[in-house]
Amino acid sequence: MANRSAPKGPRHWMDWCLYGLIRLLLLLPYPVLMAAGTGIGRLFRRLSASRRHVVETNLRVCFPDWTPARRDTVAREHFAAMGRGIIEASLAWWASDRKLAGRGEVVGLEHLDRAMEQGGVILLTGHFTTLELAARYVAMQRPFHAMYRPLDNSFWDVVTTRAREIRSQRPSVPRRDLRALIKTLRRGGAVWYGPDQTLSHRNSAFVPFFGVQTLTLTATSRLAEMGRARVVPFYPERLPGHRYRVVFGPALEQFPTEDVLADTGRITATLEDAIRRCPEQYFWMHRRFKKRPKGEPQIY
């Protein structure tokens, strides 16, 4: 695990103060924290016209058959879900098992166990607002390696990375360190992987996402092949009453194939199914359609 300590000095005093405040606030009752998160999300919606535009555009593109009223409702619910997700991430990193354990359930662990008996596993998921808390619930059942992209702020990069490693009981794997990732998989490790965000053409291709040609990472096939790993999809869901469910599906059969585009389309289809179950909980603030095929107009 990482042995770096959070940087000190005057430049990071505000970071330390904010960190301490967050740790104190997490002592509040769960309903109070979720109400605060909802308020944060709603306030952000009012203040950020640009992100509101991105969310509304994404929903219009992905769900053209919905009525405008339904899309508006889901957009509003999404901002509330994002606000709660901020609080939930803090809980995932620093709250006690006692505070969280009774609120979540993990379904389908037998699929993960069966796959791990055969070697390494890619834990395939998407960027949902419950992402961090879902990972905490998985870690309560089975250890795994988190994949991460380093943050620009060195203080929060160290603090959150250490929290994830303590939670998952395994060292994190930098997203760009292919050699470490392959080695981890070949040693029989389980690695969290979300391929549904990319703004680069590298290792990407345009495949349908809700019927729209979308630049999508194709690396899952390559990682599974090079790491000799099974791919096990899992998706989280926020339930009524401040409860959570994480559902594992069976390992993808006959994966990977020689058709990388077909493999990527298959992965995207599993993600779409999960999004349809709780559309407001997906990360719609991301400009998923920023890159367009040559000759097609911009969406945003």
Side-chain angles (χ1 to χ4, degrees), residues 14-15 17-60 62-63 66 69-96 99-100 102-104 125-137 148-149 151-153 155-157 159-160 163-164 167 194 196-197 235-246 271 274-288 300:
M14 289 300 296
D15 291 318
C17 289
L18 178 58
Y19 171 73
L21 177 61
I22 291 172
R23 297 296 298 265
L24 285 174
L25 290 176
L26 293 183
L27 298 175
L28 293 171
Y30 212 94
V32 175
L33 290 171
M34 292 302 102
T38 298
I40 290 171
R42 289 174 176 170
L43 178 62
F44 183 69
R45 177 183 177 275
R46 295 175 67 90
L47 296 178
S48 181
S50 61
R51 287 300 166 183
R52 192 165 64 245
H53 171 70
V54 171
V55 171
E56 292 170 352
T57 300
N58 283 338
L59 291 174
R60 185 179 69 252
C62 292
F63 302 102
W66 285 4
R70 183 179 181 187
R71 285 197 294 267
D72 181 68
T73 297
V74 172
R76 291 174 181 272
E77 291 175 347
H78 171 67
F79 278 94
M82 283 296 301
R84 289 193 292 272
I86 293 172
I87 302 298
E88 289 163 349
S90 300
L91 287 163
W93 295 330
W94 299 304
S96 65
K99 192 177 187 77
L100 298 177
R103 296 187 177 276
T125 190
H127 286 77
F128 289 81
T129 59
T130 48
L131 180 153
E132 292 288 350
L133 195 54
R136 174 72 181 269
Y137 282 119
Y148 74 99
R149 179 182 299 154
L151 300 176
D152 293 334
N153 184 303
F155 177 90
W156 291 105
D157 182 53
V159 167
T160 57
R164 289 189 180 108
R167 171 194 69 191
D196 58 324
Q197 289 190 5
Y235 295 102
E237 185 177 359
R238 186 185 290 110
L239 305 175
H242 309 311
R243 296 185 59 81
Y244 309 88
R245 179 186 297 132
V246 181
L271 175 62
I275 292 173
R276 288 189 177 94
R277 288 196 288 271
C278 50
E280 77 286 352
Q281 297 176 29
Y282 188 61
F283 192 72
W284 294 114
M285 288 189 194
H286 176 60
R287 292 194 292 175
R288 191 73 175 86
Y300 303 106

For R167, which residues count as a salt bridge (Lys or Arg N to Asp or Glu O under 4.0 Å) partner, sequence neighbours excluded?
E132

Does the side chain of Y137 reach to within under 4.5 Å of the side chain of P236, using non-hydrogen atoms?
no

Contacts of I86 that satisfy side chain to side chain contact (heavy atoms under 4.5 Å, CB included) - sequence neighbours left out
I40

With sequence neighbours excluded, give me every salt bridge (Lys or Arg N to Asp or Glu O under 4.0 Å) pair touching residues 79-96.
E88-R238

So, using side chain to side chain contact (heavy atoms under 4.5 Å, CB included) as the criterion, who are the partners of S96 when residues are at least two apart?
R98, K99

List the atom pairs, with distances to 0.1 Å, where a side-chain N or O of residues 69-82 and a protein N or O form a donor-acceptor pair under 3.5 Å, not counting sequence neighbours.
| unit_1 | atom_1 | unit_2 | atom_2 | d |
| --- | --- | --- | --- | --- |
| R71 | NH1 | F63 | O | 3.1 |
| R71 | NH1 | W66 | O | 2.8 |
| D72 | OD2 | R76 | NE | 3.0 |
| T73 | OG1 | A69 | O | 3.0 |
| H78 | ND1 | E280 | O | 3.0 |
| H78 | ND1 | Y282 | O | 3.0 |

If you round to the nearest 0.5 Å, how far is CZ of R42 from CG of L47?
14.5 Å

Where at least one partner belongs to residues 49-60, residue pairs that pass salt bridge (Lys or Arg N to Asp or Glu O under 4.0 Å), sequence neighbours excluded:
none

Under the side-chain contact (heavy atoms from CB on, under 4.5 Å) rule, what do T125 and L131 come out as? Steps first, then yes or no, please.
CA-CA 9 Å; T125 190; L131 180 153; 5.7 Å; no

Once side chain to side chain contact (heavy atoms under 4.5 Å, CB included) is applied, do any residues pair with L28, and if so which ones, sequence neighbours excluded?
L25, V32, L33

Can you list everything that forms a ring-ring contact (aromatic ring centres under 6.0 Å, His included) with H127? Sequence neighbours excluded, please.
W192

With side chains defined as the heavy atoms from C-beta onward, is the minimum distance between F155 and L18 less than 4.5 Å?
no

Using side-chain heavy atoms (C-beta onward) and a distance below 4.5 Å, is R136 in contact with Y244?
no

Which atom names give the shortest non-hydrogen contact between W94 and V159, and what distance separates them?
CZ2-CG1, 3.2 Å

Which distance, rounded to the nearest 0.5 Å, do you find between the CD of Q281 and the OG1 of T130?
5.5 Å

Taking C-beta and beyond as the side chain, do Y235 and L271 meet within less than 4.5 Å on heavy atoms?
yes

Would a 4.5 Å heavy-atom cut-off, applied to side chains only, mark L133 and F128 as touching?
no

Tell me every residue that passes side chain to side chain donor-acceptor pair (under 3.5 Å) with R23, counting only those two or more places apart in sequence or in another chain.
Y19

For R103, is the CZ atom crowded, meaning more than 12 foreign heavy atoms sit under 6.0 Å from it?
yes

